[in-house]
Amino acid sequence: MRDLDYLKLMAREYPTMESAASEMINLTAICGLPKGTEYFFSDLHGEYEAFIHLLRSSSGVIRSKIEETFGNIIPEEDQVQLANLIYYPDKVMNKMRREGKDSLDWQRITLYRLVQICKEVSSKYSRSKVRKKLPQEFGYAIDELLHVDYTDENKKLYYSEIIHAIIDSGIAGKFIVALCELIQNLTIDNLHIIGDIFDRGPRADIIMEELMHFHDVDIQWGNHDISWMGAATGNLACICNVLRIAISYNSFDVLEDGYGINLRPLSMFAANVYRNDACKRFIPHILDENIYDMVDPGLAAKMHKAIAVIQFKVEGQIIRRNPGYEMNDRILLEKIDYDKGTVRIGETDYPMLDMNFPTIDPKDPLKLTQEEEELIQTLAMSFQHNKLLHKHVKFLYANGGLYKCYNSNLLYHGCIPMKEDGSFDSMSFHGKSYAGKELMDYIEQRIKDAYFLREGDAEKEDARDFMWYLWCGAKSPVFGKDKMTAFEHYFVADKAVGKETFSPYYKLSVKEEYCNKILEEFDLPLQGSHIINGHVPVKIKDGESPVKANGKLFIIDGGLSKAYQSKTGIAGYTLIYNSRHLALAEHKPFQKEQENTPRVQIVEKMQNRVMVADTDRGRELKEQIRDLKELVEAYRSGLLKEKDGR
């Protein structure tokens, strides 16, 4: 028998033997249902339109459900129209009204079709779970429509009367929207984001808002997320970094319209300091046109160079403060010969492509000028007191982590630091060495300390510096390379010197034995478990496969970001895990008003259908069932008295 005090607490929620037994029966029934469908996305990189379309279309699964249900009944064109209605109900309904196409007959047919699709996607859930997802305004009517017995003539008439009543009362439009949103809600049970929501694309803030309204989502932090989280803590190098990347990809909308960061001080500073400099090495990549904040490319280049120079200075200061990072070779501003116009990298001197540095003192290259100091502090205030950014960052902390073990899958963005010999690489903190899972757990705690510890705490300052190391440090599990060569790309012509070498993890993890080693480290069974990560774009056009290590490893970064699509040949992946199989949805480059349904391929079939009882949630439910059995026994034996609710 469990602790009596614990049973007394349970008795507050289940005050009678009947209520406890009823809940026990309900949970037992849920365990016998098929598991919900999990969706895995990686490396969203601000591509909000493509991601939101994939989310609302369930990466093509809704389209497949329509084809399965109506494939031999309605033409292809009608199927596409029905799919678009489900994805964007408000937009499509408004268009139908404007064009006068929302006739009563169209409403009746559409309601019928939506109910059929809704029945299909809700079939694997308990009736009580579906009820909880129903919109309050139409809950009763939708529940009745989903559970009509078509073999009963009276029930068929009842069904018809409900449809007529909805149309006659003038609420068909709202009802259609509610059904579409319910279908979206039911199709994806759990959403996993394997890192890198931010940078490169136009509006990461819109993606964050979408995720915050999703019913069940978790996030494994990527290096670009960590950089923004570090900026929110006040890390000056991270602040410079997120500004530099946003400006370099012409993403002014996310900065000024999205987060309301005032860039005028930076633009004024850059226009003055670099007024006679074309800053040709800093012309931004224009993958997306800004809608709200049009910035002249010439001025953007000056802003880009200005913030990059400040970043290299403050990064050097962090390295100086933290000799344990072993990154002195990356303080490249100190390795420039300002008379010869060369920079020493390794043992070689390379000609600099740009030597116009009006704010650098060759005798003290890391020192900020007074104007730079004032500018960076002004910019820091915009980040540290930014309500929307902190709302999003708190969501990342509340729903995120460095890794996640879920339903026998291990999720992380980058890598587990490993050595060439296949052993786990270690890092030392305060005299103690950490490796493998223990290292990941320790790093996650330091990430939390950087944000949540009080200002002035020495541990907070140390953790705040470490946020920058995680962005680009050689042993960072979210970076996974030997160095970040932004400086070389700006200033050195020799492309070889800008090469970033991947961690040994990436060479080892494609072998099943090392995936098994990692899975064992995280206490996951070898049979049926997988590692799912992103970070490194899979180049399909060069013959690469996202499935590696004999099916143990899935790398699902296929280039949702436009910046990578020329290299990968596609626009990313969704990994879909339902009760019967694992499938990969291969995305097309997103184009508005066009068919964007991904190509879905089953990559692993389950030996037996996976039920809720087989999942992590099922194990929790079994614990609850055992507790309820003990509560029932306590009532039956008289150990606890039932409370009459009358």
Side-chain angles (χ1 to χ4, degrees), residues 38-47 51 190-201 204 207-208 211 217-230 238 241-242 245 392-393 395-397 399-406 409-418 424-425 436-437 439-448 466-481 484 500 502-506 508-510 515 518-519 521-522 530-538 546 548 553-561 563-564 568 572-575:
E38 300 172 55
Y39 279 66
F40 304 79
F41 292 92
S42 172
D43 297 83
L44 309 181
H45 284 300
E47 298 289 351
F51 173 67
N190 308 106
L191 179 62
H192 309 287
I193 307 296
I194 321 288
D196 279 359
I197 296 166
F198 290 85
D199 292 334
R200 296 198 180 96
I207 292 177
M208 287 301 301
L211 294 177
V217 61
D218 56 75
I219 299 157
Q220 291 69 60
W221 305 318
N223 55 322
H224 289 268
D225 307 317
I226 291 289
S227 184
W228 277 82
M229 293 160 72
C238 289
N241 189 54
V242 302
I245 292 175
H392 290 172
V393 167
F395 181 80
L396 287 172
Y397 274 104
N399 294 271
L402 209 51
Y403 70 90
K404 186 178 183 69
C405 298
Y406 192 78
N409 292 317
L410 175 59
L411 287 54
Y412 51 83
H413 176 71
C415 68
I416 308 297
M418 300 181 84
F424 293 115
D425 207 349
K437 180 179 182 295
L439 175 62
M440 298 289 276
D441 289 335
Y442 184 82
I443 290 175
E444 183 169 319
Q445 185 56 53
R446 296 201 80 191
I447 293 169
K448 293 174 182 176
F466 192 64
M467 295 293 279
W468 172 79
Y469 178 88
L470 290 172
W471 159 252
C472 61
K475 293 186 180 182
S476 165
V478 294
F479 179 54
K481 299 178 185 178
M484 177 75 72
E500 298 170 349
F502 282 104
S503 158
Y505 164 88
Y506 291 98
L508 296 168
S509 63
V510 299
C515 285
I518 293 169
L519 291 169
E521 174 70 9
F522 285 82
H530 310 86
I531 296 170
I532 304 169
N533 68 278
H535 189 51
V536 181
V538 177
K548 303 178 185 296
L553 172 65
F554 291 89
I555 298 179
I556 59 170
D557 179 8
L560 190 63
S561 170
Y564 289 128
T568 63
Y573 295 103
T574 309
L575 182 64

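Since we're looking at a predicted model, the values are computed, not measured.
Residues passing the side chain to side chain donor-acceptor pair (under 3.5 Å) test with N533, sequence neighbours excluded: Y505. Shown here are the ring-ring contact (aromatic ring centres under 6.0 Å, His included) partners of W228, two or more places apart in sequence or in another chain: F198, Y259. In this structure, D218 has no salt bridge (charged side-chain N to carboxylate O under 4.0 Å, His left out) partners at least two apart in sequence or on a different chain. Considering only residues two or more places apart in sequence or on other chains, F424 meets the ring-ring contact (aromatic ring centres under 6.0 Å, His included) condition with none of them. Under the salt bridge (charged side-chain N to carboxylate O under 4.0 Å, His left out) criterion, K404 pairs with no residue at all, not counting sequence neighbours. Taking C472 as the reference, M327, W468, M484 meet the side chain to side chain contact (heavy atoms under 4.5 Å, CB included) condition, with sequence neighbours excluded.
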Exercise for the section: Kindly determine whether H45 and D199 satisfy side-chain hydrogen bond (donor to acceptor under 3.5 Å, both in side chains), including the steps that lead there. Expected result: CA-CA 5 Å; H45 284 300; D199 292 334; 6.0 Å; no

Exercise for the section: Give the intermediate values and the outcome of side-chain contact (heavy atoms from CB on, under 4.5 Å) for residues H530 and L575. Expected result: CA-CA 12 Å; H530 310 86; L575 182 64; over 6 Å; no

Problem - Y573 vs F554, ring-ring contact (aromatic ring centres under 6.0 Å, His included): CA-CA, chis, key distance, verdict - result: CA-CA 10 Å; Y573 295 103; F554 291 89; 9.8 Å; no

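Here CG of L44 is found 10.0 Å from CD1 of I194. Values are rounded to the nearest 0.5 Å. For the atom pair CD1 (I416) and CG (D425), the distance works out to 12.0 Å, reported to the nearest 0.5 Å. With values rounded to the nearest 0.5 angstrom, Q220 atom CD is found 8.5 Å from I193 atom CD1. With rounding to the nearest 0.5 angstrom, the OH atom of Y506 is 8.0 Å from the NZ atom of K481. Interatomic distance, L191 CG to F41 CZ, rounded to the nearest 0.5 Å: 6.5 Å. Taken from CD1 in I226 to OH in Y469, the straight-line distance is 13.5 Å, to the nearest 0.5 Å.
A donor-acceptor pair under 3.5 Å links the side-chain atoms of E444 to the main chain of L402, judged by distance alone. Judged by distance alone, with hydrogens and angles left aside, the side-chain atoms of E38 form no donor-acceptor pair with the main-chain N or O of N190 at under 3.5 Å. Within the 3.5 Å criterion, the main-chain N or O of D196 finds no donor-acceptor partner in the side chain of N223. Of the possible polar contacts, one joining the D225 side chain to the I197 backbone as a donor-acceptor pair under 3.5 Å is found. Proximity of a side-chain donor or acceptor of H535 to a complementary backbone N or O of F479 within less than 3.5 Å is detected. Side-chain atoms of Y412 do not come within 3.5 Å of backbone N or O of I531 as any donor-acceptor pair.
Residues M418 and I518 meet the side-chain proximity criterion, which asks for heavy atoms closer than 4.5 Å. By the 4.5 Å heavy-atom criterion applied to side chains, D441 and Y403 are counted as neighbours. Between P477 and L470 there is a side-chain heavy-atom pair separated by less than 4.5 Å. Taking 4.5 Å as the limit, some side-chain heavy atom of S227 sits within range of a side-chain heavy atom of V242. Two residues are said to be in side-chain contact when any heavy atoms from C-beta on lie closer than 4.5 Å; H392 and L211 fail this criterion. The side-chain heavy atoms of K448 and Y397, taken from C-beta on, include a pair separated by under 4.5 Å.
Nearest heavy-atom pair across C415 and S476 is SG-O, 4.2 Å. The two residues G222 and V478 make their nearest non-hydrogen contact at C-CB, 4.0 Å. Across all their heavy atoms, N399 and V217 have their closest contact at OD1-O, 3.6 Å. The two residues L396 and W221 have their closest heavy-atom pair at O-NE1, 3.0 Å. For the residue pair E521 and K437, the shortest heavy atom distance occurs at OE2-N, 3.0 Å. In terms of heavy atoms, I555 sits closest to K548 at CD1-CE, 3.8 Å.
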